[in-house]
Amino acid sequence: MTVVTRFAPSPTGYLHIGGARTALFSWLFARHHGGKYILRVEDTDQKRSTQDAIDKIIEGLSWLGIDHDGDVIFQSQNADRHAKVAEQLLAEGKAYKCYCSPEELTEMREKVLKNGTSGNFYNNLWRDRDPSEAPAGIDPVLRIKMPLAGETSISDLVQGDVTRANNTLDDFVIMRSDGTPTYMLAVVVDDHDIGATHVIRGDDHLNNAFRQFHLYNACGWHVPEFAHIPLIHGADGAKMSKRHGALGVDHYAALGILPETMRNYLLRLGWSHGDDETISTEQAIEWFGLDAVGRSPARFDMDRILNLNSHYLKEADPSQLSEAVLQIARETSDRSLSDSALQRLESGISGLVQRAKTITEVVDLSNLYLFDTPLKFNDKAREILTGEDALKRIFELAEILSDLTLWDESHLNEAVREYADTNGLKLGQVAQPLRAALAGSNVSPGIFEVMVVLGRNETLERLKVTSL
RNA sequence: GUCCCCAUCGUCUAGAGGCCUAGGACACCACCCUUUCAAGGUGGCGACACGGGUUCGAAUCCCGUUGGGGACGCCA
């Protein structure tokens with residue numbers, strides 16, 4: 001049996017962290033088993049679905065590198081099929097028309113809440129009522145008959161055996177009064193139609209699984225395996241909601257987080273493989289299994305993402321990263337970049353990357369390589385350069401350096417140290433003014449590395465410190 | 001209110017009855033390295049929610065309590 005999984009987001013907003021992880025798990029599971037992973041947009045609620053949301057979700061998934069098999073399925077396009085199934089259920093007496101008005105339903109709900117009685121909100125009013133009693137002029141909904149007694153057990157691949165009394169399952173609506181299918185019907189029909197073998201989704205659907213279980217049975221269909229993975233909570237421990245600051249994956253992309261970081265982070269949230277922390281996608285596919293998914297919810301932790309990101313930043317391909325950095329710099333800078341920007345970036349990127357946690361930080365750090373003289377100085381740099389003898393030392397040093405035959409780190413190092421020695425100075429007393437003049441900042445990669453990356457001409461040019 | 005789920009360092013987790021005086025990672029602190037800032041290295045702080053059982057033996061199994069979360073829509 002080929003494994004078929006799916007990710008079924010509703011297009012009412014961006015792809016948030018929780019959804020991204022559900023998608024990742026479903027995808028990983030399918031890839032691990034050499035099966036299929038299908039993307040289905042659950043747009044049965046046309047009022048709340050938007051094209052923008054659909055685009056954002058697909059964009060987010062592709063950024064994460066989660067590729068689906070076949071075309072994207074739009075649930076709304078299966079509406080006829082859903083309706084047919086519903087009619088069949090009605091014809092077989094497994095579903096019935098319910099003429100309750102929204103007001104009546106609200107009343108029932110409030111009554112139950114007020115009295116604290118156990119049981120369901122809907123009192124099965126129309127379950128056995130004769131259709132001839134139907135009030136005129138009211139479009140009914142279709143409800144499915146749930147068993148009234150006994151209990152239902154589900155062997156969830158993550159949560160284990162979960163049992164629920166059938167009398168707590170109410171006859172839920174499968175077709176709205178306007179003739180459109182509800183989510184509950186649509187998921188079951190569509191999951192069956194794509195041959196889904198494993199339904200992997202958020203824990204918030206666990207309760208629905210019981211209802212869907214009976215819907216599968218009513219249709220005479222095989223019930224897929226369920227795996228309800230725990231929700232991701234915010235730092236405060238409550239469910240990640242848009243209201244609680246849950247952000248779309250695009251937000252993290254904009255922050256300068258790498259997709260591989262996000263994949264690794266999301267993977268380790270609720271799933272583990274011994275003590276392994278940094279796990280490549282290849283390894284993840286090889287190792288992933290539902291049995292290692294934890295049952296308790298995890299909290300979102302930005303520090304961990306940043307830490308992982310600095311790891312993947314160091315692993316990133318230098319020239320690709322340089323291109324990306326340059327791209328962002330072009331879009332955001334108001335100054336024109338040096339012709340040598342890319343070349344300098346490529347040779348200096350490793351020094352930059354170990355000082356940054358995000359691509360955005362790399363961009364900030366790369367300023368000293370992106371532009372030619374004259375430099376912009378920050379306050380600290382200006383302070384250093386206006387210090388006693390600072391400029392004098394720089395000018396003397398520039399003289400010495402210009403005579404250097406070999407422009408590499410060890411020779412530069414040697415020359416500068418020698419200068420410091422003969423003048424009775426500590427290396428820092430020379431290096432800091434140099435740094436300020438070359439980087440325009442009090443903070444930079446190693447000063448000799450900077451000189452090599454800039455090259456002899458640009459270095460000597462900057463050491464003239466023509467404007468402060 | 002009813003139903004369902006969960007419970008190991010602050011956080012993510014390892015742990016499937018003896019390997020646990022509970023391991024790793026992030027964060028935090030200290031030290032080392034050092035031309036700045038980082039990175040890196042070394043070390044430190046720090047948890048089995050509580051109470052009962054079962055067992056020769058429990059973080060691991062059972063029950064209860066407490067705490068947390070989720071679901072109760074003609075939303076998905």
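A note on names: the letters A, B, ... follow the listed sequences, proteins ahead of strands, and every chain is numbered from 1.
For the P atoms, the distance from B/G15 to B/C5 is 23 Å, rounded to whole Å. Annotation: B/A47 and B/A39 have their C1' atoms spaced 30 Å apart (nearest Å). For the P atoms, the distance linking B/G51 with B/G17 amounts to 24 Å, nearest Å. Here the separation of B/C50 from B/G10, taken at their P atoms, is 13 Å to the nearest Å. Taking atom C1' on both nucleotides, B/U55 is separated from B/C61 by 10 Å, rounded to a whole Å. Between B/G46 and B/A22, the two C1' atoms lie 12 Å apart (nearest whole Å). Taking atom P on both B/A71 and B/C28, the two are 34 Å apart, rounded to the nearest angstrom. Taking atom C1' in both B/G53 and B/U60, one finds a spacing of 15 Å when rounded to whole Å.
Note on residues 355-364 of chain A: no pairs pass side-chain hydrogen bond (donor to acceptor under 3.5 Å, both in side chains), not counting sequence neighbours.
Using modelled atom types and a 3.5 Å distance limit, the side chains of A/R164 and A/T168 yield a donor-acceptor pair. Judged purely by distance below 3.5 Å, without hydrogens or angles, the side chains of A/D52 and A/T50 never pair a donor atom with an acceptor atom. Using a 3.5 Å distance cut-off with no hydrogens or angles, the side chains of A/N307 and A/R304 do pair a donor with an acceptor. Judged by distance alone, the side chains of A/H228 and A/D156 do bring a donor and an acceptor atom under 3.5 Å apart. Defined by atom type and a distance below 3.5 Å, a donor-acceptor pair is missing between the side-chain atoms of A/S153 and A/D161.
Remark: B/C3 base-pairs with B/G70; criterion is Watson-Crick or G-U wobble with both hydrogen-bond distances under 3.5 Å. Under the Watson-Crick or G-U wobble criterion, with both distances below 3.5 Å, B/U42 is paired with B/A30. B/U11 and B/A25 make up a base pair, with Watson-Crick or G-U wobble contacts both under 3.5 Å. The partner of B/A16 cannot be assigned: no Watson-Crick or G-U wobble pair with both contacts below 3.5 Å exists in any strand. Across all strands shown, B/A47 forms no Watson-Crick or G-U wobble pair with both distances under 3.5 Å. Across every strand in view, B/U54 sits unpaired, with no contact that passes the Watson-Crick or G-U test at under 3.5 angstrom.
The cationic group of A/R417 does not satisfy the cation-pi geometry with A/Y419, failing either the under 6.0 Å distance to the six-membered ring centre or the 45° limit from the ring axis.
The side chain of A/R268 has B/U13 as its nearest neighbour among B/U13, B/A38, B/U35. Between B/C12, B/C6, B/A38, one nucleotide has an atom nearer to the side chain of A/R355 than all others, and that is B/A38. When distances are taken from the side chain of A/D203 to each of B/C37, B/C6, B/C5, the shortest belongs to B/C5. Here the nucleotide nearest the side chain of A/Q159, chosen from B/C4, B/A76, B/C5, is B/C5. Residue A/K357 has its side chain nearest to B/A27 when only B/C74, B/A27, B/U13 are considered. Distances from the side chain of A/S272 to the nucleotides B/U13, B/A39, B/A76 place B/U13 closest. The side chain of A/V162 has B/C4 as its nearest neighbour among B/C74, B/C4, B/G23. Picking from B/C37, B/A76, B/U35 the nucleotide with the shortest atom distance to the side chain of A/A431 gives B/U35. Listed candidates were B/A76, B/C74, B/U36. Nearest to the side chain of A/V443 is B/U36. With distances taken from any side-chain atom of A/L269 to the nucleotides B/A76, B/C12, B/G24, the minimum falls on B/C12.
Donor-acceptor pairing under 3.5 Å, judged by distance alone, is present between the side chain of A/S177 and the base of B/C74. Judged by distance alone, with hydrogens and angles left aside, A/R299 brings no side-chain donor or acceptor close enough to the base of B/U11 to form a pair under 3.5 Å.
OP1 and OP2 of B/C75 both lie 4.0 Å or more from every side-chain N or O belonging to A/R48. Phosphate proximity of B/A76 to A/T44: present, with a side-chain N or O under 4.0 Å from OP1 or OP2.
Within residues 376-387 of chain A, no residue has any heavy atom closer than 4.0 Å to RNA chain B. Near RNA chain B, defined here as any heavy-atom distance below 4.0 Å, the residues from residues 204-213 of chain A are A/D204, A/H205, A/L206, A/N207, A/N208, listed numerically.
Computed from coordinates, the A/N307 CG to B/G24 P distance equals 16 Å when rounded to whole Å. We find that CD1 of A/I279 is positioned 12 Å from P of B/U13, with the value rounded to whole Å. When the P atom of B/A27 is taken as reference, atom NE2 of A/H311 falls 14 Å away, rounded to whole Å. A/I154 has its CD1 atom 18 Å from the P atom of B/C3, to the nearest Å. Separating the CZ atom of A/F448 from the P atom of B/U35 is a distance of 9 Å, rounded to the nearest angstrom. Rounded to whole Å, atom P of B/A76 lies 11 Å from atom CG of A/L185. Regarding A/L365, its CG atom lies at a distance of 12 Å from the C1' atom of B/U36, rounded to whole Å.
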_From CA spacing to verdict: side-chain contact (heavy atoms from CB on, under 4.5 Å), A/L385, A/I394_ = CA-CA 9 Å; A/L385 289 173; A/I394 288 173; 3.4 Å; yes

*Determine, stepwise, if the pair A/Y37 / A/H198 fulfils ring pair (Phe, Tyr, Trp, His ring centres under 6.0 Å).*
CA-CA 10 Å; A/Y37 160 81; A/H198 298 261; over 10 Å; no

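The two residues A/L401 and A/A415 have their closest heavy-atom pair at CD2-CB, 4.1 Å. Minimum interatomic distance between A/Y96 and A/W126 (heavy atoms only, all atoms of both residues): CD1-O, 3.2 Å.
For A/C100 and A/R304, each mapped to the nucleotide of RNA chain B holding its nearest heavy atom, the one lying further toward the 5' end belongs to A/R304. Position along RNA chain B of the nearest nucleotide to A/A165 versus A/V141 favours A/A165 as the more 5'-ward residue.
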_Per-nucleotide protein contact string for nucleotides 61-66 of chain B (B base, S sugar-phosphate only, - none; heavy atom under 4.0 Å)_ = ------

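Among the heavy atoms of the strands lying under 4.0 Å from A/S444 is at least one base atom, whether or not backbone atoms are also near.
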Could you list the donor-acceptor pairs under 3.5 angstrom formed by side chains in residues 139-148 of chain A, with sequence neighbours left out?
unit_1	atom_1	unit_2	atom_2	d
A/R143	NH1	A/D171	O	2.7
A/K145	NZ	A/G93	O	3.1

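In summary, of the residues considered (A/D43, A/D45, A/D190), a side-chain hydrogen bond (donor to acceptor under 3.5 Å, both in side chains) with A/Q75 occurs for A/D190 alone.
Taking OG1 from A/T281 and CG from A/N264, the interatomic distance works out to 8.0 Å, rounded to the nearest 0.5 Å.
Applying the salt bridge (charged side-chain N to carboxylate O under 4.0 Å, His left out) rule to A/D204 yields the partners A/K239; only residues at least two apart in sequence or on another chain are considered.
In this pair, A/F226 and A/Y216 present their aromatic rings perpendicular. The plane angle is above 60°, beyond the 30 to 60° band.
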